[in-house]
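Note that the structure is predicted; figures quoted are calculated from it, not measured.
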Amino acid sequence: PGISYDRGMEKHWSLLSAEPQVVGRIAAAFNLDPIIATILVNRRLQSEEALHRFLNPGLDQLRPPQSLAGMSAAVERILRAIHQGQRILVFGDYDVDGVTATVMLLEFSTQAGAEATYYIPHRVREGYGLQPDHVTEYARSRDIGLIVTVDCGSSSHAAVQAAKSCGIGVVITDHHSVAPPYPQADAFVNPKRHDCNAGLDHLSGVGVAFYLAAALRQQLRAQGHWEGRPEPNLKTACDLVALGTVADVVPLHDENRVLTRAGLEMINAGRRLGLRALVENCSRDVGSLDADDLAFKLAPRLNAAGRMAHARQAVALLCADGAQEARRLAETLGNLNTSRQQIESQVYDEILRRLETSPAALGRRTLIVHGSGWPEGILGIVASRLVRRFCKPAVVLAVRDGVVKGSARSLPGIDLAEGLAACRDHLETFGGHALAAGLSLKTCNIERFAQALESVVTATTDCDCFRPQVLLDCELPLKAVTGDLIEGLEILKPFGVGNPEPLFMARDVVVKSSQIVGRCHRRMGLLQAGRDTGRPLAAIQFNIDPQRPQPDFFPRMAFRLRWNRWNGSRTPQLLIEET
């Protein structure tokens, strides 16, 4: 709600046009409301097989884990460690994807009877990924026989060599963009390997870890390993997969949609004490959570540990086996998140003040800002806010002791991973995805890097990518908004990247009642001029300017449909996105 953008830019409203005959065929074949069928066509779901899979997502749809390149070698090496009693170190990343992947593999290894522990580096003091010091100073001193990375490791060439010198095995599992040469580990599992044809390159880091656990369980079953101990039910671990998948903003289709839907079922069952406590800290109720709650309530609190302190606090919460301890840790993460929000707002406001005095910076196709004293843990969030406001890729850099570290965020159609690769001569390190990446460079190279990235983006990007879009599923008269329609939309969930929440349009909307709630939200009762004579439909508009006169008529309006839940009851409500 309330997406901000540069006021100088006019948003382009685009109404998708689904073929009526196709809509009718799908509606009849699957007994769907034509509006639901229209949305499915808009999502390019038209074949009977694709529609059946989408409307009936189940874990039986998952492609086999052995289809991932490197998986057989990974399973063989980990099983050898288990059978030989070698100590296993699960090495993860400090974001939600890395934390959930760490907990996933740590729990599974323990259930399988392995002696396993974990390590997540400190974001500021150690940085991202497995480094040689982690091997020589940490793993070797603790008699680790095997290191298994999750959500990292694809660029850890030196660390792998250090492990070989110490006689320590390494299995790398990751999902970040990678180019040869690959690290010479005992096994390397990354669906983005050029020689991996599994079709699973949309997986998150915890999704890859889930696939590894599934492959290990399958092989251990074949060996009769579970005859003397309970075999793990991996569906219960889907709560972790859902969290990491949604938080890492990977596409919510195919396996990601199946795993996230199963994970939401587990989270709403309240099985994991730490997540139940975290939900309570968000003032939400277990049982009705959706992907939005994961993205905007749970994930920021879990991420706050790595951003403001240490990610091991998030691991401890997810592994908590006592309600009191879980509540204490959830409260700690909630407080850290509040501090993160305050600092983030300070840095963001500082950048906006700078841009007001440097209008030329906004004339470029990329926005690159740097400053001293900016905490590294909040740079990515600030970059995301800048992308939303100015509709262009943003890079936010923190300068400390002559070293610059930063985070970059982008727009659909502008691939950051490719852009940074083209600027590699000016960078010390970089890595990430099309829409999000991290980087480091020397202070003296900031301006050269800025010019290089601007040139790359200008040369490779169509102008339309920079224009804010309002992509509408269909025009929907307000009288067509019913509880049955909102209930029907539930089958399309979870919503996210690759499966956006439907956005509708109505024209000639009259405001029959209005009041400001909170500090800057407007609650209204709406009717359509000349069409409605019944009871006004409830609506909410977030983040308005309460000091400005509020209109009593909207020539057009873009909105989403939600349930308004209150005191155990629910009523239809419009969430107004654009006017």
Side-chain angles (χ1 to χ4, degrees), residues 63 65-75 77 90-95 97-98 101-102 105 121 127-132 134-135 147-164 169-212 215 244-245 248-251 255-256 380 405 407-410 414-441 453 456:
R63 277 168 274 202
Q66 295 293 349
S67 63
L68 281 163
M71 184 62 80
S72 296
V75 168
R77 183 60 185 88
V90 180
F91 189 99
D93 187 25
Y94 35 67
D95 66 1
D97 192 19
T102 299
L105 215 53
Y128 170 79
L130 182 67
Q131 306 295 334
H134 295 133
V135 176
I147 299 171
V148 183
T149 74
V150 289
D151 193 34
C152 64
S154 291
S155 58
S156 296
H157 299 273
V160 170
Q161 291 304 315
K164 280 189 174 183
V170 180
V171 169
I172 292 174
T173 74
D174 197 2
H175 74 124
H176 293 94
S177 298
V178 61
Y182 302 135
Q184 298 299 303
D186 294 78
F188 177 43
V189 181
N190 184 331
K192 291 188 175 69
R193 284 175 51 165
H194 77 282
D195 58 345
C196 183
N197 300 312
L200 293 167
D201 55 335
H202 52 275
L203 288 178
S204 61
V206 70
V208 177
F210 177 90
Y211 262 67
L212 175 59
T245 296
D248 222 49
V249 201
V250 292
E255 281 76 9
N256 288 344
K405 292 184 179 180
S407 292
R409 297 293 183 268
S410 191
I414 305 176
D415 192 318
L416 269 181
E418 291 183 2
L420 294 181
C423 303
R424 67 172 72 243
D425 290 347
H426 309 295
L427 302 174
E428 297 296 302
T429 61
F430 67 93
H433 313 294
L435 297 178
L439 65 156
S440 68
L441 63 158
L453 186 62
V456 170

So, does [X] use its side chain to make a donor-acceptor pair with the main chain of [Y] at under 3.5 Å?
| X | Y | value |
| --- | --- | --- |
| K164 | Q184 | yes |
| D93 | C152 | no |
| S156 | L130 | yes |
| D186 | V170 | yes |
| R63 | G199 | yes |
| K192 | H175 | yes |
| N256 | P251 | yes |
| D97 | V206 | yes |

For E418, which residues count as a side chain to side chain contact (heavy atoms under 4.5 Å, CB included) partner, sequence neighbours excluded?
D415

Spacing of [atom1] belonging to [X] relative to [atom2] belonging to [Y], to within rounding of 0.5 Å:
| X | Y | atom1 | atom2 | result |
| --- | --- | --- | --- | --- |
| T149 | F188 | OG1 | CZ | 8.5 Å |
| H426 | L439 | NE2 | CG | 12.5 Å |
| F430 | L416 | CZ | CG | 11.5 Å |
| L68 | Y211 | CG | OH | 7.0 Å |

Could you check V150, V189, N190 and say which one makes a side chain to side chain contact (heavy atoms under 4.5 Å, CB included) with V208?
V189

Between V250 and S204, which heavy-atom pair has the shortest distance, and what is it?
CG2-CB, 4.1 Å

